[in-house]
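So the structure is just underneath, and the comments pick up after that.
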Amino acid sequence: MGRTASAPPELLGELPLFTGLTPEQMEIIRAGSHVIGLDKGEILFHQGDPVRGFYYVLRGQMQLSVSTADGAEKVVEIVTLRESFGEAVVFDGQRYPVTATALVATTLLAVSSTAVLDLIDRDPSFARRLLANMAVRLRRLIRDVEAYSLRSSIQRVVGFLLSQEPGEDAAEADAGEATPGERVVVLPTRKQVLASRLNIAPETLSRVLRDLTADGLISVRGRRITLHDVDRLEQVVSSATVWPLTPSS
């Protein structure tokens, strides 16, 4: 499973979850942690594998997905830089409910269940940090469920585009391509994976992007998308009755 190495103490000290720990507490985490390197497409663990601990993304992206008996796959979450996954199942000690796959070359910090539970016994404040971290992800998942249940496919796609914060690539694109009032975002993964994440068919995602492009709201160049009119796109999300957004004469 990937390439592993010891976790440098200075790396642990840079992660918000571990700031403020005493040297003794940090040693517990360090002793129970290691860095894993995964190639694109490499699986970290399968749905149903025994729980070993939780993971923190240091570089890259991880896809969390569930599979049915007939082989169908649904992407539950895409975990990106400085986000974690697997904390909740550490507490029940059972099995991972998802399969974790590297979408690109990815580096993870793996923290063992034993280290987490040992530190919680010694420092209740660490438990509060873990719970706060899980609460943030729970709110995000609830927003996703709301989007799947109450929003149209167009609203889901536009809402996702608006929610993306420009990374380094997008920031560079903004500097060279975007005009005032525009925003450039870079899709975090392949369109097929994104479609599964948004609970729509890949052809539906392609059609929505074509419609938005034809209406002049976006332009698409590979995974780089320029949002030409953020205000009008926000109208699409807030009301299902404003599409298509063709200005009245």
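Residue numbers count from 1 along this sequence. Computed from a predicted model, the values in this text were never measured in an experiment.
Rounding to the nearest 0.5 Å gives a distance of 7.5 Å between OG1 of Thr213 and CD1 of Ile225. From Lys191, atom NZ reaches atom CG of Leu198 across 13.0 Å, with rounding to the nearest 0.5 Å. Atom CD1 of residue Ile28 and atom OG of residue Ser33 lie 11.0 Å apart, to the nearest 0.5 angstrom. Interatomic distance, CD1 of Ile78 versus CD of Gln61, reported as 7.0 Å (0.5 Å rounding). Atom-to-atom distance recorded for Leu212:CG and Leu217:CG is 6.0 Å, nearest 0.5 angstrom. Leu227 CG to Ile218 CD1: the interatomic distance, rounded to the nearest 0.5 Å, is 7.5 Å.
Taking all atoms of both residues into account, the shortest heavy-atom contact from Leu58 to Leu108 is CD1-C, 4.1 Å. The shortest non-hydrogen separation linking Arg52 to Leu44 is NH2-O, 3.2 Å. Residues Val79 and Ser84 come closest through the heavy atom pair CG1-O, 4.0 Å. Residues Leu233 and Val158 come closest through the heavy atom pair O-CG1, 3.3 Å. Residues Gln47 and Ser67 approach most closely at OE1-N, 2.8 Å, considering heavy atoms. Closest approach of Gly32 and Ala115 over heavy atoms only: CA-CB, 4.0 Å.
Under a 3.5 Å cut-off, the side chain of Thr106 and the backbone N or O of Ala102 do not form any donor-acceptor pair. Between the side chain of Ser163 and the backbone N or O of Phe160 there is at least one donor-acceptor pair closer than 3.5 Å. Proximity of a side-chain donor or acceptor of Arg183 to a complementary backbone N or O of Leu162 within less than 3.5 Å is detected. The backbone N or O of Arg59 sits nowhere less than 3.5 Å from a side-chain atom of Thr107 that would complete a donor-acceptor pair. Using modelled atom types, one side-chain atom of Asp229 and one backbone atom of Arg232 make a donor-acceptor pair closer than 3.5 Å. The main-chain N or O of Val237 is found under 3.5 Å from a side-chain atom of Gln155 such that the two form a donor-acceptor pair. When atom types are taken as modelled, the side chain of Glu83 and the backbone of Val57 share no donor-acceptor pair closer than 3.5 angstrom. No donor-acceptor pair closer than 3.5 Å links the side chain of Gln164 to the backbone N or O of Leu161. With hydrogens and angles ignored, the 3.5 Å screen pairs no side-chain donor or acceptor of Thr189 with any backbone N or O of Leu194. The closest donor-acceptor contact from the side chain of Glu77 to the backbone of Gln63 lies at 3.5 Å or more, if one exists at all.
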Determine, stepwise, if the pair Phe126 / Asp121 fulfils side chain to side chain contact (heavy atoms under 4.5 Å, CB included). CA-CA 9 Å; Phe126 182 68; Asp121 287 340; over 6 Å; no
Please step through side chain to side chain contact (heavy atoms under 4.5 Å, CB included) for the pair Val89 and Phe54, ending with a clear verdict. CA-CA 8 Å; Val89 289; Phe54 80 94; over 6 Å; no
Checking side chain to side chain contact (heavy atoms under 4.5 Å, CB included) for the pair Thr226/Arg221: CA distance, chi angles, key distance, verdict? CA-CA 8 Å; Thr226 302; Arg221 201 172 74 188; over 6 Å; no
Go through it in stages, so that I can follow the logic: the residues are Arg82 and Tyr56, the test is side chain to side chain contact (heavy atoms under 4.5 Å, CB included), and I'd like the CA-CA distance, side-chain angles, deciding distance and then a yes or no. CA-CA 6 Å; Arg82 292 194 169 270; Tyr56 201 95; 4.1 Å; yes
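With hydrophobic clusters built from ILVMFWY side chains whose heavy atoms lie under 4.5 angstrom apart, Val230 shares a cluster with Val157. Under the 4.5 Å side-chain heavy-atom criterion for ILVMFWY residues, no single connected hydrophobic cluster contains both Val75 and Leu81. When hydrophobic clusters are built by joining Ile, Leu, Val, Met, Phe, Trp and Tyr residues whose side-chain heavy atoms come closer than 4.5 Å, directly or via intermediates, Phe91 is grouped together with Leu131.
Contacts of Phe85 classified as ring-ring contact (aromatic ring centres under 6.0 Å, His included), with partners at least two apart in sequence or in another chain: Tyr55. Residues that satisfy the ring-ring contact (aromatic ring centres under 6.0 Å, His included) test with Tyr96, not counting sequence neighbours, are Phe45.
Looking at heavy atoms from C-beta onward, Leu15 lies in side-chain contact with Leu109 at the 4.5 angstrom threshold. Lys74 is listed as a side-chain neighbour of Asn199, based on a closest heavy-atom distance under 4.5 Å.
Annotation: salt bridge (charged side-chain N to carboxylate O under 4.0 Å, His left out) contacts involving residues 94-103, sequence neighbours excluded, are absent.
For Gln192, the CD atom counts as loosely surrounded, since its 6.0 Å shell holds 12 or fewer non-hydrogen atoms of other residues, nucleotides or ligands.
Between the side chains of Glu73 and Ser65, at least one donor-acceptor pair of N or O atoms lies under 3.5 Å.
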